[in-house]
Engineer: 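Here's a structure for you.
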Amino acid sequence: QVQLVESGGGLVQAGGSLRLSCAASGRTFSSYAMGWFRQAPGKEREFVAAINWSGGITYYADSVKGRFTISRDNAKNTVYLQMNSLKPEDTAIYYCAADSYGRVVAGTVRYWGQGTQVTVSS
């Protein structure tokens, strides 16, 4: 099992940048694929980005491709989401997730963080 804690959310103007971090507990972090999801008010949670255990494979939702970058540091048990050129429609609670790569991409993950709020003002 793995515990996940997100940080780095906040308020930013449109066009700005934020970097989210997700710190994982446990010595098996490097065996998990990791992902980021988000949920806007009144909407269902949606997939944002995924990264495999080594960091060699990444996958993005079309809505963030070219603007967001997911990365990981297995030595620090941490996964990151660099968000650039932010838009008001990126406003949501962002959740970190861990599981197999297939489960992360499918959204059927078993391990979730508590979420961090990102608000983009116009």
Engineer: What is the minimum heavy-atom distance between V2 and A98, and which atoms define it?
Structural biologist: CG1-CB, 3.9 Å
Engineer: So does A23 get a backbone contact from the side chain of T78, meaning a donor-acceptor N/O pair under 3.5 Å?
Structural biologist: no
Engineer: Going by atom types alone, do T69 and Q82 pair a side-chain donor with an acceptor below 3.5 Å?
Structural biologist: no
Engineer: Step by step, work out the side-chain contact (heavy atoms from CB on, under 4.5 Å) result for V118 and D90.
Structural biologist: CA-CA 8 Å; V118 172; D90 294 317; 5.6 Å; no
Engineer: Testing the basics here: between V109 and A97, what is the closest heavy-atom pair and its distance to 0.1 Å?
Structural biologist: CG2-CB, 3.7 Å
Engineer: Given side chains that start at C-beta, do those of R67 and K87 come closer than 4.5 Å, heavy atoms only?
Structural biologist: yes
Engineer: Decide yes or no on side chain to side chain donor-acceptor pair (under 3.5 Å) for N84 and S17, but give the supporting numbers first.
Structural biologist: CA-CA 4 Å; N84 298 329; S17 298; 2.9 Å; yes
Engineer: Tell me every residue that passes side chain to side chain contact (heavy atoms under 4.5 Å, CB included) with S121, counting only those two or more places apart in sequence or in another chain.
Structural biologist: L11, Q13
Engineer: Could you tell me if the side chain of L20 sits less than 4.5 Å from the side chain of Y80, heavy atoms only?
Structural biologist: no
Engineer: Specify the closest pair of heavy atoms between F29 and V79, including all atoms of both residues, with the distance to one decimal.
Structural biologist: CZ-N, 4.2 Å
Engineer: For the hydrophobic clusters of this structure (ILVMFWY residues joined by side-chain heavy atoms under 4.5 Å, transitively), does one cluster hold both V12 and Y94?
Structural biologist: yes
Engineer: Think R45 forms a cation-pi with Y95, using NZ or CZ under 6.0 Å from the six-ring centre and within 45 degrees of its axis?
Structural biologist: yes
Engineer: W112, V104: one ILVMFWY side-chain cluster at the under-4.5 Å cut-off?
Structural biologist: yes
Engineer: Can you tell me how far the CD atom of Q117 sits from the CZ atom of R38, to the nearest 0.5 Å?
Structural biologist: 12.0 Å
Engineer: Using ring pair (Phe, Tyr, Trp, His ring centres under 6.0 Å) as the criterion, point out the one residue from F68, Y59, W36 that pairs with F47.
Structural biologist: Y59
Engineer: Do other residues, nucleotides or ligands put more than 12 heavy atoms under 6.0 Å from Y111 OH?
Structural biologist: yes
Engineer: Hey, is CH2 on W53 packed in by over 12 heavy atoms from elsewhere, all under 6.0 Å?
Structural biologist: no
Engineer: Mind checking whether Y60 and I57 sit in one hydrophobic cluster, side chains of I, L, V, M, F, W, Y counted as touching below 4.5 Å?
Structural biologist: no
Engineer: Working to the nearest 0.5 Å, report the span between CG of L81 and OG of S71.
Structural biologist: 8.5 Å
Engineer: Check whether any side-chain N or O of T58 sits under 3.5 Å from a backbone N or O of I51 as a donor-acceptor pair, and report yes or no.
Structural biologist: no
Engineer: How long is the straight-line distance from OG of S30 back to CG of D73, given to the nearest 0.5 Å?
Structural biologist: 11.5 Å
Engineer: May I ask you to test the M34-L4 pair for a side-chain heavy-atom distance under 4.5 Å?
Structural biologist: yes
Engineer: Test E6 against T116 for side chain to side chain donor-acceptor pair (under 3.5 Å), laying out the working first.
Structural biologist: CA-CA 6 Å; E6 302 96 334; T116 186; over 6 Å; no
Engineer: Does any part of the side chain of V64, heavy atoms only, come nearer than 4.5 Å to the side chain of M83, both counted from C-beta?
Structural biologist: no
Engineer: Which heavy atom in S122 sits nearest to a heavy atom in P88, and how many Å separate them?
Structural biologist: CB-CG, 3.9 Å
Engineer: Cation-pi check for Y32 against R72: NZ or CZ below 6.0 Å from the six-membered ring centre and within 45 degrees of the axis, yes or no?
Structural biologist: no
Engineer: For the OG1 atom of T119 and the CG atom of L18, what is their distance to the nearest 0.5 Å?
Structural biologist: 9.5 Å
Engineer: Return yes if some donor-acceptor pair links the side-chain N/O of D99 with the main-chain N/O of R103 below 3.5 Å, else return no.
Structural biologist: no
